[in-house]
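Okay, structure first, notes after.
We're numbering straight along the sequence, starting at 1. Each ligand, and each atom within it, is numbered from 1 in the order the structure gives. In this text the structure is predicted, and so the values were computed from the model without any measurement.
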Amino acid sequence: MGKMAACRLEQGEDAFRKIFRLYKRRNPPPDLSGVVEFTRGHPGVKPKELTIGALSDQDACRAGLQPLDQWKVYGLEGYPGFLFVSNPFLPGWQHRWVRQCLKVYPQKPNVCNLDLHMRAEQTANIWESSKEQLRERASHRRSQKSLLEKLRWVTLGYHYNWDTKKYSVDHHSTFPPDLAELSRCVSRACGFSKFQPEAGILNYYHMDSSLGIHVDESELDQHSPLLSFCFGQSCIYLLGGLSRELAPTPMMMHSGDIMIMAGPSRLLYHAVPRILPHPGGGLLPPGLTVPPSDNTPPALTEPCSSQDWEVCAQYLHDSRINMTVRQVLEDGCSFPVGEDMRREQTHANEEDSYHQNAPETPAQEGEGQHLLTKRIKTT
Ligand SMILES: O=C(O)CCC(=O)C(=O)O
Ligand SMILES: [Fe+2]
């Protein structure tokens, strides 16, 4: 990078990047006392009341969620439209979503990072080819990394294209009905009764992973909320402003927590600089140390068997999974065609410059989330 450009960066173009690097740092470890813990009454955290009745107890229960009057929901001063739900899952139910993320959602026709450099038959059954390797790990036998451990992202519904940064009508598969229903339950509960789950990105992190600074702006509908579900180990999540000059707020996310980015918070910069062991010791967070619930009638997903859970638990000892769910198209709209598409593309190209490094500019730390496999970085 030229001297001038470096200078401009230092003058605060990128307050976000400075904080990203601070929390990513291992040596010396950063002071975490300023990191927002929503359930611990941090300044700026405001409990929120949801409309009781927005989600029936029966629908909540089918999705593995507690009755709405039990949910702990918070807003954050300075971030209108942002909501944080502290683990609303019923005991034994996060397990099912974790199992879906590891065993079911990586299957074809869904798309994952491994497809970029492996043949279709090699990625046809990631779970089956990995489970023995993961079990062996439990008995401390050394083994090669399994495909599951190499998984970084999976796309669902309208498959996000990491090259063009677009969704398209031609690259679509059925959005998983169970995750669609969970997402509709959460969005209804939070007052977004029209939300349509149309695309999902699942992110798989290990203890040395991070997710670069970005805005999720590829959806044609940027008014609908974006939902984000966390499982496994904890993370520091940075929520910034509409520009990278604004310093982000660091917050902790734990297993089971759900975030809703809506309204004025929908297009804010954000990043995950650091994965942290869940607080409290032990290999798994408290919500996952109970056995998987075996059955509650009638449910969206089948119970997680103890054999499947053994593999999932082993995976989660040093991993975090995040599912984001998005509405791509505005209500009643379809993908643009002809003249509309040209207009849309011109507009998108202007916006893309936000994410791309100029050719002569080396990638900056914390940048480049949309660069193919670099989306989740491993140090
Ligand atoms: O892992 C997270 O919490 C954030 C994921 C995210 O920002 C994304 O998928 O766009
Ligand atoms: Fe994002």
Can you name the atoms of ligand 1, numbered from 1 with element, that are less than 4.0 Å from a heavy atom of [X]?
| X | result |
| --- | --- |
| Arg326 | 8 (C), 9 (O), 10 (O) |
| Asn322 | 1 (O), 2 (C), 3 (O), 4 (C), 5 (C) |
| Leu211 | 4 (C), 5 (C), 6 (C), 7 (O) |
| Asp216 | 10 (O) |

For the residue pair His254 and Glu37, confirm or rule out a side-chain donor-acceptor distance under 3.5 Å.
->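 Yes, because at least one side-chain N or O of His254 sits under 3.5 Å from a partner of the opposite role on Glu37.
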
Asp216: which N/O/S atom is nearest the Fe ion (ligand 2)?
->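 The atom in question is OD2.
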
Identify, by name, the N, O or S atom of His214 lying closest to the Fe ion (ligand 2).
->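 Considering only N, O and S atoms, His214 comes nearest to the Fe ion (ligand 2) through NE2.
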
So, is the end of the Arg320 side chain (NZ or CZ) under 6.0 Å from the ring centre of Tyr205 and within 45° of the ring's axis?
->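 Output yes; distance and angle both within limits.
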
Just one of Trp93, Trp97, Phe89 clears the ring pair (Phe, Tyr, Trp, His ring centres under 6.0 Å) bar with Phe231, so which one?
->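 By the ring pair (Phe, Tyr, Trp, His ring centres under 6.0 Å) criterion, Phe231 pairs with just one of Trp93, Trp97, Phe89: Phe89.
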
I'd like a table of donor-acceptor pairs (distance under 3.5 Å, sequence neighbours excluded) in which one partner is a side-chain atom from residues 177-193, with atom names and distances.
| residue | atom | partner | partner atom | Å |
| --- | --- | --- | --- | --- |
| Asp178 | OD1 | Tyr105 | OH | 2.9 |
| Asp178 | OD2 | Gln100 | NE2 | 2.6 |
| Asp178 | OD2 | Tyr105 | OH | 3.4 |
| Glu181 | OE1 | Arg184 | NE | 3.4 |
| Glu181 | OE1 | Arg184 | NH2 | 3.4 |
| Ser183 | OG | Leu179 | O | 2.7 |
| Ser187 | OG | Ser183 | O | 2.9 |
| Ser187 | OG | Arg184 | O | 3.2 |
| Arg188 | NH2 | Asp59 | OD2 | 3.0 |

For Tyr205, is the nearest heavy atom under 4.0 Å from an atom of ligand 1?
->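 Per 4.0 Å heavy-atom rule, Tyr205 contacts ligand 1.
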
From atom 3 (O) of ligand 1, work out which of His270, Met323, Arg320 has a heavy atom at the shortest distance.
->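 That would be Arg320.
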
Pick one of side chain, backbone, both or neither for how Met259 approaches ligand 1, counting any non-hydrogen atom pair under 4.0 Å.
->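 Neither; nothing of Met259 gets under 4.0 Å from ligand 1.
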
Pairs flagged by salt bridge (Lys or Arg N to Asp or Glu O under 4.0 Å) wherever residues 260-269 is involved - sequence neighbours left out |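 Qualifying pairs, neighbours excluded: Glu219-Arg266.
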
Backbone N/O of Phe229 and side chain of Asn322: donor-acceptor pair under 3.5 Å =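 A pair under 3.5 Å: yes.
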
Any chance you could lay out the ring pair (Phe, Tyr, Trp, His ring centres under 6.0 Å) test for Tyr158 and Phe335, step after step, and finish with the verdict?
-> CA-CA 11 Å; Tyr158 287 114; Phe335 278 95; 5.0 Å; yes

